[in-house]
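All values reported here derive from a predicted model rather than from experimental measurement. Both counts, for ligands and for their atoms, begin at 1 and track the order of listing. The first residue in the sequence is number 1, and the count goes up from there.
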Amino acid sequence: MTYLMLTGGRVVNSGGSVDADVLVHNGKIEAIGNLSGLPIDDVERVDCSGRLLLPGGVDVHTHLDSPMMGTTTSDDFETGTRAAACGGTTTLVDFAMQGPGEKLLESLDKHRAKAQGRAAVDYGFHMCVTDLYDGAVDEFTEIMQTGVTSFKVFMAYRGTLMLHDGALFNVLRESGRIGGQVCVHAENGDVIDRLAADLVAAGKTGPGSHEISRPPSTEIEAVRRAIQIARMADSPIYFVHLSTEGAVEAVAEARSQDRAVAGETCTHYLTLDRSLYDAPGFEAAKVVLTPPLRTEEHRAALWRGLRAGTLGVVSSDHCPFCLEEKRRLGAADFRAIPNGGPGVEHRMIVMYAEGVRRNQISLEKFVDLTATAPARQFGLFPTKGAIVSGADADIVVLDPNGTTTISAQTQNQRMDYTPYEGWTLPGSLEAVYSRGEEVARGGKYVGAGGRGRFLARSTQ
Ligand code: URP
Ligand code: ZN
Ligand code: ZN
């Protein structure tokens, strides 16, 4: 079997960087160092001089082919994972939604079938629990045995996704008992529903009202409540998509008391401003996502939280709905606009440009937040998330002297817009390898179809 050698690049891991060659064989990283004198013939050498070699991105928050708010996310496992690959993400952990009236294992099997043979990169699942029917927690062990070792619960969306506090407590307690993790969507759903109803009653039905109905305190209260519920349940807890300064403070406080509390934020909360809700017409629907975008003050607190280690993961929350679909469902009432936006394709380059190149975080921290820490958090490390001997050869070749211009016209996500339209960023993703196979070059997918494998995750 042919060897692949990436020569002359700078290998960046979360713990440090080194100028080195990387030797790949059978999909795995076999050696790292000065390998120029290695006595092997059957080797394809790729010159990576002047390039950064990064671990393939690990995005632990995506919604592919997922039913939500009366529709389905626009990217399926084929288009979404190809877009991920083109954007330097070689591992996804996607949310398997429990459908109305369905048992957990039934919904998980359905979601598994959607991915089977279609994914371009490796993937795992979290199981969303939206209805804790009698006996649901008894299925947790079997779910975990299939390698799905984390659950997601919602504290918002009453009547469809939301669990009441007793059910949240039960999920945390049972998951904690068997070594699982619970990802919590922390927003006070009842207060949001009241505020939203008041806005509609006052005739404020446009997409800009979405933000007003979800003020920062609706997140902060829910985060603080969930931390207390996790304490009562004696369980670790992981907060998805945190967006506010107060949430960062709550997580920091709990962690300073040695509580197993972890937090994630997303690319858009770090880089986009709430003023997008002031756009005319229906334009603001592009950023009708939950929680909403915030002010500069919150963004600065999120970056500080990342630097301090309070927040450990940056994910995309890729939950795409085309603008036309948002309009079809929610033109008359913002509450019916499907919540979510695209992001899987641009998470890595936006974080590199806005984080590293604007001196918000180091290169090593960027690798940690986008690959190493999510892999560790969700039982994928060190197979994923690092360039080390024995790991899967998931490697991104980034040219720091290149530039990337983002546009809906050229993106691979199945979307009619991107919130980053027209952004020109320093750095370009030259090539992306997944298990040693080149899957993307110059922003185009070049791998085989359906080559991605399901990743049974361990508990960590
Ligand atoms: O805006 C989003 N992402 N909405 C739905 C999915 C989620 O993570 O809550
Ligand atoms: Zn959520
Ligand atoms: Zn999400």
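- Ring orientation note: the planes of H210 and F334 are nearly perpendicular, at an angle over 60° on the 30°/60° scale.
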T130 vs Y157, test: side chain to side chain donor-acceptor pair (under 3.5 Å). Steps then yes/no. CA-CA 10 Å; T130 60; Y157 303 105; over 6 Å; no

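- With respect to the Zn ion (ligand 3), D317 has OD1 as its nearest N, O or S atom.
- Ring geometry, F77 versus F125: the interplanar angle exceeds 60°, so the pair is classed perpendicular (tilted spans 30 to 60°).
- Ranking protein heavy atoms by distance to atom 8 (O) of ligand 1, first place goes to K152 NZ, 2.9 Å.
- Per residue H185, closest N, O or S atom to the Zn ion (ligand 2): atom name ND1.
- Among all non-hydrogen protein atoms, the one lying nearest atom 1 (O) of ligand 1 is T290 N, 2.7 Å.
- Residues H268 and V287 have side chains not in contact (no heavy-atom distance under 4.5 Å, counting atoms from C-beta outward).
- Classification of E245 and R304 as a salt-bridged pair holds, one side-chain N sitting under 4.0 Å from a carboxylate O.
- Between D76 and R118 there is a salt bridge, since at least one side-chain N of the basic residue sits less than 4.0 Å from a carboxylate O of the acidic one.
- Looking only at heavy atoms of the protein, atom 4 (N) of ligand 1 is closest to N339 O, 3.1 Å.
- Interface atoms of ligand 1 facing M68, defined by a heavy-atom separation under 4.0 Å, are 5 (C), 6 (C).
- Contact atoms of ligand 1 toward H241: 7 (C), 8 (O), 9 (O) (distance under 4.0 Å to a heavy atom of the residue).
- Nearest protein heavy-atom contact of atom 3 (N) of ligand 1 is D317 OD2, 2.8 Å.
- Near F154, meaning under 4.0 Å from any of its heavy atoms, are these atoms of ligand 1: 9 (O).
- With 3.5 Å as the limit, one finds a donor-acceptor pair spanning the side chains of D94 and T62.
- Scanning the protein heavy atoms around atom 9 (O) of ligand 1, the nearest turns out to be H185 ND1, 2.9 Å.
- At a 4.0 Å cut-off, not a single heavy atom of F95 sits close enough to ligand 1 to count as contact.
- Ion pairing of E296 with R299 is present here, as a side-chain N (NZ or NE/NH1/NH2) and a carboxylate O approach within less than 4.0 Å.
- Using a 4.0 Å cut-off to heavy atoms of L289, the atoms of ligand 1 that qualify are 1 (O).
- In this structure, the protein non-hydrogen atom closest to atom 6 (C) of ligand 1 is H63 NE2, 3.4 Å.
- Taking 4.0 Å as the cut-off between side-chain N and carboxylate O, K103 and E139 do not count as a salt-bridged pair.
- Of the listed residues (P67, C319, P338), just one forms a side-chain contact (heavy atoms from CB on, under 4.5 Å) with T73, and that residue is C319.
- Taking every heavy atom of H61 and a limit of under 4.0 angstrom, the matching atoms of ligand 1 come to 8 (O).
- Among the backbone and side-chain atoms of H63, an N, O or S atom lies under 2.8 Å from the Zn ion (ligand 3).
- Applying side-chain contact (heavy atoms from CB on, under 4.5 Å) to H61 and the options R347, H318, K152 leaves one that passes, K152.
- Taking 4.0 Å as the cut-off, M69 does not count as a neighbour of ligand 1 on heavy-atom distance.
- For H241 atom NE2 and K152 atom NZ, the angle they make at the Zn ion (ligand 2) is roughly 130°, to 10 degrees.
- With a cut-off of 2.8 Å, the Zn ion (ligand 3) has an N, O or S atom of H61 in range.
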